[in-house]
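Owing to the predicted nature of the structure, the values given are computational and were not obtained by experimental measurement.
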Amino acid sequence: MSSVSCSSQNYKDDDALIFLNKFDFVDQFIENSKPFAPLFHLDKENLNKSISEFQNKYSSEAIKAKLVQFIKETFSKEELSKMKDLDADAIVDLDKEKFKSFEKKIEKLFDDQYIEGNRLLSGIEITGIPNQSRPFEFFTVNKPNGLYIASAFDSYLPQNVQISQEPLIKGSDFLSSRTSESESQQIFIELDPKDQNTIIKHFSNLQKEPLALIINKRIINIISDTPKINNNILVIYSPWSKDKLQMFSDSINKKH
């Protein structure tokens, strides 16, 4: 069970705090927050508005305050007073439907933290309105060029993809780039044999995860299976227009 001080200046409702102390919701949040610890330990010069807002929203004190708010929204003062002398199981049994509605609010808070935290760790910033026909154009990814491991990718919610902190292959290791001479939306990346083998080895793993090609802070596409590699050339289809792909390709070549 978690321990929250009833003397905290942030709370005025002792009965709500007594209720909270009978459950381990705060401890659960602390445990679930561990993957996002890097966001709470950044130097001031590395903070931006989104990270500062995340820190304020999901600090331990803010979470406690939010849970107390949920308790007050769900249960009346009379109910909370009655629950003071009950244990956790008895509180749940007192009104299971009402307690379930309380848990749903907590689950939503868990989900929001998970999505927002992973977006920040992945460097994702929403810049426009989602459009299924242009799935990667409404957000940016604040990471250097390269091929990154991409977890939890959902084509309907591409903005929630989780991008690894470090690239599997750095963009600086791309030898050259070009686009298709036809109208097909393809980009061709020249790789050395070592990097080709890295890709093949990655997709031979039983627990293989997709790869995201990132150029100029944009996802070019998510590769879910072993891509085509012809004569040292990695071939990647992309939903970006041919003109945009040409711009991405030119930017790679300018850095060599």
Side-chain angles (χ1 to χ4, degrees), residues 2 4-5 8-11 20 24-70 104-131 134-172 209-222 240 248 251 255:
S2 63
V4 182
S5 172
S8 171
Q9 294 300 312
N10 293 326
Y11 312 119
L20 186 59
D24 63 352
F25 297 121
V26 174
D27 289 341
Q28 289 178 39
F29 258 103
I30 291 173
E31 183 65 27
N32 283 11
S33 296
K34 287 181 178 178
F36 311 118
L39 297 173
F40 289 94
H41 297 104
L42 290 172
D43 296 331
K44 288 185 177 180
E45 56 267 24
N46 292 322
L47 288 179
N48 59 35
K49 181 180 177 182
S50 296
I51 294 176
S52 294
E53 289 176 349
F54 182 87
Q55 290 178 344
N56 293 331
K57 185 176 180 180
Y58 297 108
S59 68
S60 296
E61 286 303 309
I63 290 299
K64 292 173 188 176
K66 196 69 176 176
L67 293 176
V68 167
Q69 177 187 328
F70 291 161
K104 285 183 178 179
K105 293 178 182 179
I106 295 176
E107 288 170 5
K108 174 67 163 53
L109 191 59
F110 270 110
D111 290 344
D112 289 347
Q113 182 195 40
Y114 178 82
I115 291 171
E116 293 170 27
N118 277 306
R119 279 186 189 170
L120 289 172
L121 288 175
S122 296
I124 291 174
E125 181 179 358
I126 307 300
T127 58
I129 299 172
N131 185 328
R134 298 194 295 271
F136 303 122
E137 295 190 28
F138 67 94
F139 63 91
T140 58
V141 184
N142 188 25
K143 290 189 180 294
N145 293 350
L147 275 168
Y148 291 78
I149 295 174
S151 307
F153 176 64
D154 181 343
S155 60
Y156 291 99
L157 295 167
Q159 69 273 27
N160 291 345
V161 65
Q162 297 172 22
I163 307 295
S164 60
Q165 294 301 299
E166 299 297 330
L168 183 70
I169 299 174
K170 295 179 180 179
S172 57
E209 293 181 289
L211 296 179
L213 173 61
I214 296 175
I215 301 176
N216 291 358
K217 298 186 177 182
R218 297 287 191 171
I219 293 179
I220 306 306
N221 207 356
I222 302 291
W240 288 89
F248 292 133
S251 72
K255 294 178 181 179

Can you tell me how far [atom2] of [Y] sits from [atom1] of [X], rounded to the nearest 0.5 angstrom?
X	Y	atom1	atom2	value
Leu67	Gln69	CG	CD	9.5 Å
Leu20	Lys64	CG	NZ	9.0 Å
Phe36	Leu120	CZ	CG	9.0 Å
Leu121	Leu39	CG	CG	4.5 Å
Leu147	Ile215	CG	CD1	8.5 Å
Ser59	Lys66	OG	NZ	12.5 Å

Legend entry - Salt-bridge contact Arg119-Glu116 (side-chain N to carboxylate O under 4.0 Å):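 Salt bridge absent between Arg119 and Glu116.
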
Inset, instruction - Begin from the C-alpha positions of Phe248 and Asn216 and carry the test side chain to side chain contact (heavy atoms under 4.5 Å, CB included) through to its verdict. - result: CA-CA 7 Å; Phe248 292 133; Asn216 291 358; 4.1 Å; yes

For atom [atom1] of [X], decide whether the heavy atoms of other residues, nucleotides or ligands shown that lie under 6.0 angstrom number more than 12.
X	atom1	value
Lys57	NZ	yes
Lys105	NZ	yes
Glu53	CD	yes

Inset, instruction - For side chain to side chain contact (heavy atoms under 4.5 Å, CB included), just list the numbers for Ile63 and Ile30, CA-CA rounded to whole Å, side-chain angles, deciding distance to a tenth of an Å, and then say yes or no. - result: CA-CA 9 Å; Ile63 290 299; Ile30 291 173; over 6 Å; no

Just by modelled atom types, is the [Y] backbone N or O under 3.5 Å from a matching donor or acceptor in the [X] side chain?
X	Y	result
Thr127	Phe138	yes
Asp154	Tyr156	yes
Arg218	Phe139	yes
Asn118	Val161	no

Inset, instruction - Walk me through it: do Leu213 and Asn221 pass the test side chain to side chain contact (heavy atoms under 4.5 Å, CB included)? - result: CA-CA 6 Å; Leu213 173 61; Asn221 207 356; 5.9 Å; no

Quick one: closest heavy-atom pair of [X] and [Y], and the distance?
X	Y	answer
Gln28	Phe110	CB-CZ, 3.7 Å
Phe29	Ile106	CE1-CG2, 4.0 Å
Ser122	Val141	O-CG1, 3.4 Å
Tyr114	Gln162	OH-NE2, 2.7 Å
Ala62	Tyr58	CB-N, 4.5 Å
Gln159	Ile124	O-CD1, 3.4 Å

Legend entry - Student check: side-chain heavy atoms of Glu137 and Trp240 closer than 4.5 Å: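 With C-beta onward as the side chain, the pair touches.
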
Inset, instruction - Just jot down the side chain to side chain donor-acceptor pair (under 3.5 Å) partners of Glu125, sequence neighbours excluded, or say none. - result: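 Testing Glu125 for side chain to side chain donor-acceptor pair (under 3.5 Å), a comparison that skips the adjacent residues, returns none.
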
Legend entry - Residues forming a side chain to side chain donor-acceptor pair (under 3.5 Å) with Ser33, sequence neighbours excluded: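 Ser33 satisfies side chain to side chain donor-acceptor pair (under 3.5 Å) with Gln113 only.
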
Legend entry - Derivation of the side chain to side chain contact (heavy atoms under 4.5 Å, CB included) call for Leu211 and Ile169: CA-CA 10 Å; Leu211 296 179; Ile169 299 174; over 6 Å; no

Inset, instruction - Applying side-chain contact (heavy atoms from CB on, under 4.5 Å) between Ile214 and each of Ile163, Thr140, Ile220, report the one that passes. - result: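 Going through the options one by one, the only one that passes is Ile163.
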
